[in-house]
Amino acid sequence: FSPNYDDRLKEPNVLPSHFPNILVNGSTGIAVGMATNIPPHNLGETIDGVIAQMENPDITTRELMKYIPAPDFPTGGIVHGVKGVRQLYSTGHGGIRVRGKAEVVFENNGRTKIVITEIPYGVNKADMVGRIGEQAQSGAIHGVSSVNDYSSKRVGVMIEIALKQDAIPNVVLNEIYRNTPLEITYPAQFLVVDHNRPRTLNLCQVLQAFIDHRLEV
């Protein structure tokens with residue numbers, strides 16, 4: 001223990017963790033001109049990565065990605081492409097393209113709709129729905145008849161976009177990805193405090209720091 005910021009109380013210097021909490025839960029923060037933005041990861045995949053690094057301390061980023069292929073966002077969505085993920089894991093910083101999950105549904109009455117069931121991490125659903133409506137009215141998105149949000153605690157995310165008769169569903173969906181937050185680039189930065197010093201680490205270094213911490217504990 002050591003004194004806290006105003007020297008009135010004492011606080012622990014070490015908080016032991018049974019798993020790499022900084023990767024599993026992620027972290028976001030900014031201070032004194034430095035920012036960190038660590039995306040959350042799947043618990044099982046992260047533990048598999050730790051074990052793989054313990055068994056092979058010289059493991060490469062590509063080999064490690066067999067166990068930890070990409071971040072795992074709690075709101076779902078699809079990581080689109082691996083280039084940004086590979087850059088993040090290799091250098092400690094990179095942009096990850098994330099798309100919401102959407103599918104084209106053909107109804108019995110001959111009408112077509114796009115149903116969105118997952119949205120990118122950090123995107124405000126109401127703002128996204130409003131953005132889709134605005135872009136449809138301005139003509140940036142063609143063929144949209146109406147946008148309705150049927151989301152609830154029971155069904156989860158459920159946004160239905162009704163299309164006009166002459167609309168081409170995949171073209172409309174691509175316009176939505178291009179002009180609204182249904183597709184975003186998540187800026188990630190593995191900036192951590194390592195031995196009381198801020199450092200940007202790659203994935204292998206983050207896992208090794210956790211392994212060293214566990215050995216010390």
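Positions are given from 1, in the same order as the sequence printed here.
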What is the distance from atom [atom1] of [X] to atom [atom2] of [Y], rounded to the nearest 0.5 Å?
X: Arg199; Y: Leu191; atom1: CZ; atom2: CG; value: 10.5 Å
X: Leu88; Y: Phe190; atom1: CG; atom2: CZ; value: 4.0 Å
X: Ile96; Y: Ile184; atom1: CD1; atom2: CD1; value: 9.5 Å
X: Lys113; Y: Glu160; atom1: NZ; atom2: CD; value: 3.5 Å
X: Gln208; Y: Leu203; atom1: CD; atom2: CG; value: 11.5 Å
X: Ile161; Y: Ile141; atom1: CD1; atom2: CD1; value: 7.5 Å

Under a 3.5 Å distance rule, please check whether [X] uses its side chain to pair with a backbone N or O of [Y] as donor and acceptor.
X: His41; Y: Pro39; value: yes
X: Ser17; Y: Pro20; value: no
X: Asn174; Y: Asn170; value: yes

Residue pair [X] / [Y], side-chain heavy-atom distance below 4.5 Å:
X: Asn179; Y: Ile176; result: no
X: Ile159; Y: Met128; result: yes
X: Val14; Y: His213; result: yes
X: His18; Y: Arg214; result: yes
X: Val206; Y: Leu23; result: yes
X: Val98; Y: Phe73; result: yes
X: Ile22; Y: Asn25; result: no
X: Ser90; Y: Asn202; result: no

Tell me whether [Y] is reachable from [X] by hopping between hydrophobic residues (I, L, V, M, F, W, Y) whose side-chain heavy atoms are closer than 4.5 Å.
X: Ile59; Y: Leu215; result: yes
X: Tyr150; Y: Val155; result: yes
X: Tyr186; Y: Tyr177; result: yes
X: Ile114; Y: Phe106; result: yes
X: Val24; Y: Leu207; result: no

- Message: Filter on side chain to side chain donor-acceptor pair (under 3.5 Å), then keep only pairs touching residues 127-143, sequence neighbours left out; what's left?
- Response: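 As it turns out, the side chain to side chain donor-acceptor pair (under 3.5 Å) pairs with a partner in residues 127-143, which skip direct neighbours, are His142-Glu175.
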- Query: Which residue pairs satisfy the side chain to side chain donor-acceptor pair (under 3.5 Å) criterion with at least one member in residues 61-75, sequence neighbours excluded?
  - Reply: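 Applying side chain to side chain donor-acceptor pair (under 3.5 Å) to every pair that reaches into residues 61-75, excluding sequence neighbours, yields Asn42-Asp72, Thr60-Glu63.
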- Message: With a 6.0 Å cut-off (strictly less than), is the heavy-atom count around CG of Asn196, excluding the residue itself, greater than 12?
- Response: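 Counting neighbours around CG of Asn196, 12 or fewer heavy atoms of other residues, nucleotides or ligands fall under 6.0 Å, so no.
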- Would you indicate whether Glu107, at its atom CD, is surrounded by more than 12 heavy atoms from other residues, nucleotides or ligands within a distance under 6.0 Å?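 Counting neighbours around CD of Glu107, more than 12 heavy atoms of other residues, nucleotides or ligands fall under 6.0 Å, so yes.
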Which atom pair, heavy atoms only, marks the closest approach of [X] to [Y]?
X: Gln189; Y: Ala35; result: CG-O, 3.5 Å
X: Pro40; Y: Tyr121; result: CD-CE2, 4.0 Å
X: Ala102; Y: Leu173; result: CB-CD1, 3.9 Å
X: Gly77; Y: Glu118; result: N-OE1, 2.7 Å
X: Leu163; Y: Arg111; result: O-NH2, 3.3 Å
X: Pro181; Y: Val123; result: O-CG2, 3.7 Å

- Do NZ/NE/NH1/NH2 and the carboxylate oxygens of Arg8 and Asp6 come within less than 4.0 Å?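 Between Asp6 and Arg8 there is a salt bridge, with a charged N closer than 4.0 Å to a carboxylate O.
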- Message: Can you tell whether the side chains of Arg178 and Glu183 come within less than 4.0 Å, N to carboxylate O?
- Response: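 No, no charged N to carboxylate O under 4.0 Å.
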- Hey, do the aromatic rings of Phe210 and Phe19 have their centres closer than 6.0 Å?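 Phe210 vs Phe19: aromatic centres not under 6.0 Å.
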- Please report the C-alpha distance between Asp48 and Ile68 in whole Å, then the side-chain angles of each, then the deciding distance to 0.1 Å, and finally whether the side chain to side chain contact (heavy atoms under 4.5 Å, CB included) criterion is met. CA-CA 8 Å; Asp48 289 343; Ile68 309 176; over 6 Å; no
- Any chance the side chains of Thr28 and Asn37 put a donor and an acceptor closer than 3.5 Å?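 Per modelled atom types, Thr28 and Asn37 side chains form a pair under 3.5 Å.
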- Step-by-step side chain to side chain contact (heavy atoms under 4.5 Å, CB included) determination, Gln53 to Leu64: CA-CA 8 Å; Gln53 178 138 337; Leu64 202 53; 3.9 Å; yes
- Tell me, with the steps shown, if Ser151 and Lys125 meet side chain to side chain contact (heavy atoms under 4.5 Å, CB included). CA-CA 10 Å; Ser151 304; Lys125 179 169 61 65; 3.6 Å; yes
- Partners of Thr185 by side-chain contact (heavy atoms from CB on, under 4.5 Å), sequence neighbours excluded?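 With neighbours one apart ignored, the set is Arg97.
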- Message: Using the rule given for side chain to side chain contact (heavy atoms under 4.5 Å, CB included), can you reason through Val105 versus Thr112, listing the C-alpha separation, both sets of side-chain angles and the distance that settles it, and then say yes or no?
- Response: CA-CA 6 Å; Val105 177; Thr112 307; over 6 Å; no
- Message: Checking Ser2 against Asn13 for the side-chain hydrogen bond (donor to acceptor under 3.5 Å, both in side chains) test, could you report, in this order, the C-alpha distance in whole Å, the side-chain angles of both residues, the deciding distance, and whether it holds?
- Response: CA-CA 7 Å; Ser2 62; Asn13 292 322; 2.7 Å; yes
